[in-house]
Amino acid sequence: MPELPEVETIVRALAVRLQGATVGSATYWPSRVFRGVTPPALDGAFVKEVRRHGKYVLIELNRGYLAIHLGMTGKLLFDVPDSKYTRAKWLFDGVLLSLEDIRQFGRVIWGEEIPEGLRLLGPDPLEISLQEFVNRAWSHRTGIKPLLLTQTFVRGLGNIYVDELLFRARVNPTRSSAGLSQKQLTHMWEEMRRLLEEAIRHGGSSISDYVDTSGRKGSFQREHRVYGRGGEPCLVCGSPIQKIFLAQRGTHFCPVCQNL
DNA sequence: AGTATGACCTGATGGC
DNA sequence: TGCCATCAGGTCATAC
């Protein structure tokens with residue numbers, strides 16, 4: 001579910017309420033999200049910083065790092081009662097934070113250092129330089145869509161924002177990354193930043209599950225130009241938006257605006 | 001190194 | 001109303 005803009009929205013809200021707070025208690029329900037390794041109790045630990053690392057929420061404590069990936073249906077919610085899908089909850093100076101995850105594709109990782117799974121990810125799309133973006137794109141032989149979804153290439157893009165980005169940059173999703181021109185990649189890099197920043201300003205996209213820490217939906221789904229619009233007219237040229245499958249992911253694009 | 005496939009989970013939706 | 005298939009903001013592991 002949540003991609004970079006949604007996780008960024010969550011992290012900003014967490015930072016306000018958790019920075020400097022002390023962990024009073026932690027409760028973990030048996031669940032796949034821990035992948036067999038439940039974090040320690042953490043009583044008395046305090047929060048140094050909350051930040052985003054790709055699609056991970058990273059909570060830095062004085063004793064180590066709690067990394068939370070929300071998978072497809074994960075939510076971090078303040079002050080809600082336990083539900084059937086509550087997988088963990090923490091009390092930070094009287095503030096209750098719960099992790100709910102229906103499908104359990106999310107994960108919670110504990111590490112005394114930043115977990116390796118996070119360190120191995122590629123650069124952040126909002127921080128990567130144009131030159132590095134171009135060089136990295138040209139160094140792979142794969143399709144541009146699957147490449148943008150690969151978190152070791154850049155960290156944080158998912159299916160919605162890749163489709164939207166390729167539409168805005170007028171790049172066909174079936175193109176190979178190495179075959180793109182400097183001009184096309186420059187356009188993509190610029191649109192990537194613009195798109196993500198705009199989506200963050202809208203509080204992310206809510207299709208079915210995503211809500212922020214207060215349970216509120218984002219509004220960027222109203223700005224989607226291709227994602228979820230298969231068969232509907234292109235907002236630029238009017239031809240029907242196509243939906244195909246690439247790398248097993250639904251892929252939406254305009255065959256005219258994004259011609260080969 | 002690439003790509004293709006299935007697995008992991010649960011719920012919503014649409015066709016019959 | 002029920003049953004079945006299909007689909008969903010994401011990784012992962014395995015096999016060619």
Side-chain angles (χ1 to χ4, degrees), chain A residues 1-11 29-37 52-57 67-76 83-87 99-109 115-118 120-122 125 136-167 173-179 195-196 199-200 202-212 216-231 243-252:
Chain A
M1 161 190 61
E3 308 180 28
L4 187 154
E6 292 77 35
V7 179
E8 181 66 26
T9 302
I10 290 167
V11 161
W29 280 260
S31 156
R32 210 183 100 81
V33 304
F34 301 107
R35 304 296 196 277
V37 187
R52 180 182 60 74
H53 190 91
K55 296 176 192 171
Y56 283 90
V57 172
I68 302 168
H69 195 297
L70 296 171
M72 291 278 262
T73 51
K75 300 175 185 177
L76 281 167
S83 81
K84 186 179 168 186
Y85 305 110
T86 307
R87 311 301 180 187
L99 171 67
E100 295 187 2
D101 188 357
I102 293 175
R103 292 176 71 183
Q104 303 179 63
F105 284 179
R107 52 171 34 182
V108 176
I109 305 171
E116 191 178 30
L118 276 70
L120 295 176
L121 299 179
R136 288 173 74 88
W138 280 345
S139 72
H140 290 270
R141 288 303 86 123
T142 182
I144 188 59
K145 160 122 188 183
L147 186 63
L148 290 169
L149 287 172
T150 302
Q151 303 296 298
T152 47
F153 177 68
V154 285
R155 59 178 198 252
L157 297 178
N159 209 32
I160 292 179
Y161 295 102
V162 167
D163 281 6
E164 291 296 320
L165 157 62
L166 291 172
F167 175 76
T174 65
R175 293 287 304 271
S176 91
S177 65
L195 171 69
L196 295 173
I200 291 167
H202 284 257
S205 304
S206 294
I207 305 296
S208 62
D209 295 279
Y210 169 70
V211 289
D212 68 14
R216 279 190 294 262
K217 291 178 183 297
S219 64
F220 195 69
Q221 64 281 3
R222 295 200 279 265
E223 311 300 321
H224 292 176
R225 298 180 188 169
V226 286
Y227 186 84
R229 299 195 61 246
K243 184 182 178 191
I244 60 172
F245 279 86
L246 275 185
Q248 293 79 243
R249 309 300 302 277
T251 298
H252 315 74

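Letters go in sequence order (proteins before strands), and every chain restarts at 1.
- Residues passing the ring-ring contact (aromatic ring centres under 6.0 Å, His included) test with A:F167, sequence neighbours excluded: none.
- Phosphate contact (OP1/OP2 of C:dC12, side-chain N/O of A:R107, threshold under 4.0 Å): present.
- Listed for the A:E8 side chain is no donor-acceptor partner under 3.5 Å among the backbone atoms of A:I200.
- Between A:R225 and A:D163 there is no salt bridge, since none of the side-chain N atoms of the basic residue sits less than 4.0 Å from a carboxylate O of the acidic one.
- One can place NZ of A:K145 at 11 Å from C1' of C:dG9, the figure rounded to the nearest angstrom.
- Residue contacts shown for A:F245 are limited to sugar-phosphate atoms, with no base heavy atom under 4.0 Å away.
- For C:dG9, neither phosphate oxygen OP1 nor OP2 lies less than 4.0 angstrom from any side-chain nitrogen or oxygen of A:K55.
- Shown here for A:I160 and A:E3, the closest heavy-atom pair between the two residues is N-OE2, 2.9 Å.
- More than 12 non-hydrogen atoms from other residues, nucleotides or ligands lie less than 6.0 angstrom from CZ of A:R35.
- If you measure from atom CG of A:L149 to atom P of B:dG2, you get 15 Å, rounded to the nearest angstrom.
- Put simply, CG on A:N159 and CD on A:E164 are 10.5 Å apart, with the number rounded to the nearest 0.5 Å.
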Nucleotides 14-16 of chain C: which of its N/O atoms have a protein N/O under 3.5 Å away?
none

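- In this structure, A:R141 does not reach the B:dT3 phosphate: none of its side-chain N or O atoms is under 4.0 Å from OP1 or OP2.
- At the heavy-atom level, A:S208 lies under 4.0 Å from base atoms of the strands shown.
- Residue A:H140 places its side chain closer to B:dG2 than to any other of C:dT11, B:dG2, C:dG9.
- With its glycosidic angle within 90° of 0, C:dG9 is assigned syn.
- Looking at heavy-atom distances under 4.0 Å, A:G106 makes no contact with the nucleic acid at all.
- A distance of 8.0 Å separates CG in A:L195 from NE2 in A:H224, rounded to the nearest 0.5 Å.
- OP1 or OP2 of C:dA8 sits under 4.0 Å from a side-chain N or O of A:K243.
- In terms of the side-chain contact (heavy atoms from CB on, under 4.5 Å) criterion, residue partners of A:S177 (sequence neighbours excluded) are, by chain and number, A:H140, A:I144, A:L147.
- Scanning all heavy atoms of the two residues, the minimum distance from A:R107 to A:Y56 falls at CD-OH, 3.8 Å.
- Only the C1' atoms considered, C:dT11 is 22 Å distant from B:dA12, to the nearest whole Å.
- Whole-Å rounding puts the A:I207 CD1 to C:dG10 P distance at 11 Å.
- For the pair A:E6 and A:Y56, nearest-nucleotide mapping onto DNA chain C gives the more 5' position to A:E6.
- In this structure, the side chain of A:S219 does not engage the main chain of A:K217 through any donor-acceptor pair within 3.5 Å.
- Across all their heavy atoms, A:H53 and A:L118 have their closest contact at NE2-O, 2.8 Å.
- Heavy atoms of A:Y161 sit nowhere under 4.0 angstrom from any nucleic acid atom.
- We find that CG of A:D101 is positioned 13 Å from P of C:dT11, with the value rounded to whole Å.
- One atom, CD of A:E100, and another, P of B:dT10, lie 15 Å apart when rounded to the nearest Å.
- Between the NE2 atom of A:H252 and the P atom of C:dA8 there is a distance of 7 Å, rounded to whole Å.
- Nucleotides C:dT6 and B:dG6 have their C1' atoms positioned 16 Å apart, rounded to a whole Å.
- Helical stems in DNA chain B, defined as runs of 3 or more consecutive Watson-Crick or G-U wobble pairs with donor-acceptor distances under 3.5 Å: B:2-8 with C:10-16, B:10-16 with C:2-8.
- Rounded to whole Å, atom P of C:dG10 lies 18 Å from atom CD1 of A:I68.
- Here A:V154 pairs with A:P125, A:I128, A:L157 under the side-chain contact (heavy atoms from CB on, under 4.5 Å) rule; sequence neighbours left out.
- Across all strands, A:D209 comes closer than 4.0 Å to base atoms (heavy-atom distances).
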Do any N or O atoms of the protein come closer than 3.5 Å to N or O atoms of nucleotides 7-9 of chain B, and which pairs are they?
| residue | atom | partner | partner atom | Å |
| --- | --- | --- | --- | --- |
| B:dC8 | O3' | A:R32 | NH1 | 3.4 |
| B:dC9 | O2 | A:R103 | NE | 2.7 |
| B:dC9 | N3 | A:R103 | NH2 | 3.2 |

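- For the atom pair A:L149 CG and A:Y161 OH, the distance stands at 13.5 Å (nearest 0.5 Å).
- Between A:H69 and C:dG10 there is no side-chain polar atom (N or O) within less than 4.0 angstrom of OP1 or OP2.
- Between C:dA5 and B:dA7, the distance separating the two P atoms is 15 Å to the nearest Å.
- Residue A:Q151 places at least one side-chain N or O closer than 4.0 Å to OP1 or OP2 of C:dT11.
- Closest non-hydrogen pair, A:I102 versus A:T73, comes out as N-OG1, 3.4 Å.
- Following rounding to the nearest Å, A:L4 (CG) and C:dG10 (P) show an atom-to-atom distance of 12 Å.
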